[in-house]
Amino acid sequence: MSDEQAKGRSHDPAFPENYLKFMREGWADSELTGLAALDQVPCHSRRREQLSRAFPGETLVIPTGREKVRNNDCFYPFRPGSDFAYLTGEFDPDSVLVLRPVAGGHDAVLYGHPRSPRDTDEFFRDAQYGELWVGRRHSLAEKSTLLGVETADVKDLEKVLGDLDPARTRVLRGFDAGVDERIAVTGDGDDAGARDRELAHTLSELRLVKDEWEIAQLQDAIDATVLGFEDVVRALPADRPVPERLLEGIFGLRARLAGNAVGYDSIVAAGPHATTLHWVRNDGRTAPGELLLMDMGIENNQLYTADVTRTVPVNGQFTPLQREVYSIVYAAQQAGMDHVRPGVKFSEVHLTSMRVLAEGLESLGILSSAEEALDKENMYYRRWTLHGVSHMLGLDVHDCAAARKEHYKDGELKEGYVLTVEPGLYFQPDDEKVPAELRGLGIRIEDDVLVTANGAKNLSAGLPRKADEVEAWVAEQRNAGPRLPL
């Protein structure tokens, strides 16, 4: 424990030496026995081997990140770096994976914190790492058994990093300032950091194709999310307003019980709030006769997240105009989903859905010509569609973001990709280019889609999408009544 840690915080008591001596004595050994490697260890090992093959003869340094201060001496809940978790399955902060080149590949060593020793005061005085504060941690030997990788004390990392040749080392930067500082960035001008960026690109591109274990984790997160949507609708009154935050909290309860947390800030957007794409303030209220857009997803205990959106009528029935717009969005989504299969360009899914939306805007009298609006020199339809139709999904809600354009945005879909299909139409309350009766109306439908060998599978099909089915589902959930997520 450092001198600064030993001093404690300004509000900590000044313990007498007799108490400190008393606290250091009389603790039984609590080593765990009978541990076995986790089921997913072969997956993590295979991923490290894939990364090893991409960078023969070079040292690779992948940190998970450190806890971030929320305020004063309180930290945000720690969430491990996605690339690090993908390679190790380790969730503790401050950890660093180092892959050192050897004949035929790399040796992997996971550097992390050992358990709080009982011969120092850390275990009862250190509020960040002490086990009387944060609970028992696994020993390094226990971690090695569980994760199937060699482990070492993170205190040894500084010397290890100091001995590395920056010209033969690549670092996943931006996660741990201490690691970034210890290994110099190589290259000049536009080439500065290019080697490290290639490591980030490669990791994202490896993560594009989900293995069977990952698909099972995504399905687990999505199934829990379906239950969460049901919980919310069961508590949504048809005849009186309720706060958006009540509904957000109900979904959050399911997320904490069934998974790690929500995968991103829940969007619970009543009425005109649905026209704000990232409405996360959730400080409004529902209103009978209006629509409620909910974009929510649960991150499961292995950190894979769902991302689903449904737009429902608060009173249980779409008005004729709401139904007309909803049907356009549904048709656009179905067209995009029907287009998903191996070999199709990622961008074509977007363009397929956009064409249906543009034609729908023409049928509503908002666009004079869908063809004119779709022209790349015009793109007028984007005023009301706003966002792309798809993004990759996995450990991050916007997964594989560091992948190069030729492998993602401009690339072709492959078997094992998981992406969202989420078209929407949004008519802002102050938009004078649309009829008054449409202003303040926002509708989005989003599902999580697995690219299969011959087409696609909707992993979130447990929630209805067609207007009639949505109305029947809302009625069914309300009739079932509120429930705790037990």
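What's counted below: heavy atoms across the whole structure, side chains too, no hydrogens, waters or symmetry copies.
Looking at residues two or more places apart in sequence or on another chain, you find a side chain to side chain contact (heavy atoms under 4.5 Å, CB included) between Asn378 and Glu372, Asp375, Tyr380. Partners of Glu31 by side chain to side chain contact (heavy atoms under 4.5 Å, CB included), not counting sequence neighbours, listed by chain and number: Asp29, Arg115, Arg136, Ser139, Glu142. Residues forming a ring-ring contact (aromatic ring centres under 6.0 Å, His included) with Phe124 (at least two apart in sequence, or on another chain): none. Listed by chain and residue number, Asn300 satisfy the side-chain hydrogen bond (donor to acceptor under 3.5 Å, both in side chains) test with Gln217 (two or more places apart in sequence, or in another chain). Listed by chain and number, the residues in a side chain to side chain contact (heavy atoms under 4.5 Å, CB included) with Leu246 are Val242, Pro243, Ile250 (sequence neighbours excluded). Not counting sequence neighbours, the partners of Leu459 by the side chain to side chain contact (heavy atoms under 4.5 Å, CB included) test are Gln219, Ile222, Val418, Leu450, Lys457. With sequence neighbours excluded, no residue satisfies ring-ring contact (aromatic ring centres under 6.0 Å, His included) with Trp473. Applying the ring-ring contact (aromatic ring centres under 6.0 Å, His included) rule to Phe175 yields no partners; only residues at least two apart in sequence or on another chain are considered. A search for ring-ring contact (aromatic ring centres under 6.0 Å, His included) contacts involving His113 returns Tyr129, not counting sequence neighbours.
Residue Glu471 forms a salt bridge (charged side-chain N to carboxylate O under 4.0 Å, His left out) with just one option from Arg478, Lys466, Arg465, Arg323, and that option is Arg323.
Sparse packing is recorded around CG of Asp39, with 12 or fewer heavy atoms of other residues, nucleotides or ligands lying under 6.0 Å away. Summarising the local packing, CG of Asn454 is surrounded by 12 or fewer heavy atoms from other residues, nucleotides or ligands at distances under 6.0 Å.
Remark: side-chain polar atoms of Gln477 are not paired, donor with acceptor, to backbone N or O of Ala472 under 3.5 angstrom. A distance-only check finds a donor-acceptor pair linking the side chain of Ser353 to the backbone of Ala332 [under 3.5 Å]. Side-chain atoms of Thr225 come within 3.5 Å of backbone N or O of Ala221 as a donor-acceptor pair.
Legend: side-chain hydrogen bond (donor to acceptor under 3.5 Å, both in side chains) pairs involving residues 250-266, not counting sequence neighbours, sorted by first then second residue: Asp231-Arg254, Asn260-Glu299, Tyr264-Asp295, Tyr264-Asp307. Applying the side-chain hydrogen bond (donor to acceptor under 3.5 Å, both in side chains) rule to pairs touching residues 401-410 yields Glu205-Arg404, sequence neighbours excluded. Residue pairs meeting the ring pair (Phe, Tyr, Trp, His ring centres under 6.0 Å) criterion with at least one partner in residues 299-331, sequence neighbours excluded, are Trp213-Tyr304, Phe318-Tyr326.
A 4.5 Å side-chain heavy-atom check between Ser116 and Asp126 finds every atom pair outside the cut-off.
Annotation: cation-pi geometry not satisfied between Arg444 and Tyr426 (NZ/CZ under 6.0 angstrom from ring centroid, within 45° of ring axis).
Between Asp399 and Arg207, at least one side-chain nitrogen of the basic residue sits less than 4.0 Å from a carboxylate oxygen of the acidic one, meeting the salt-bridge criterion.
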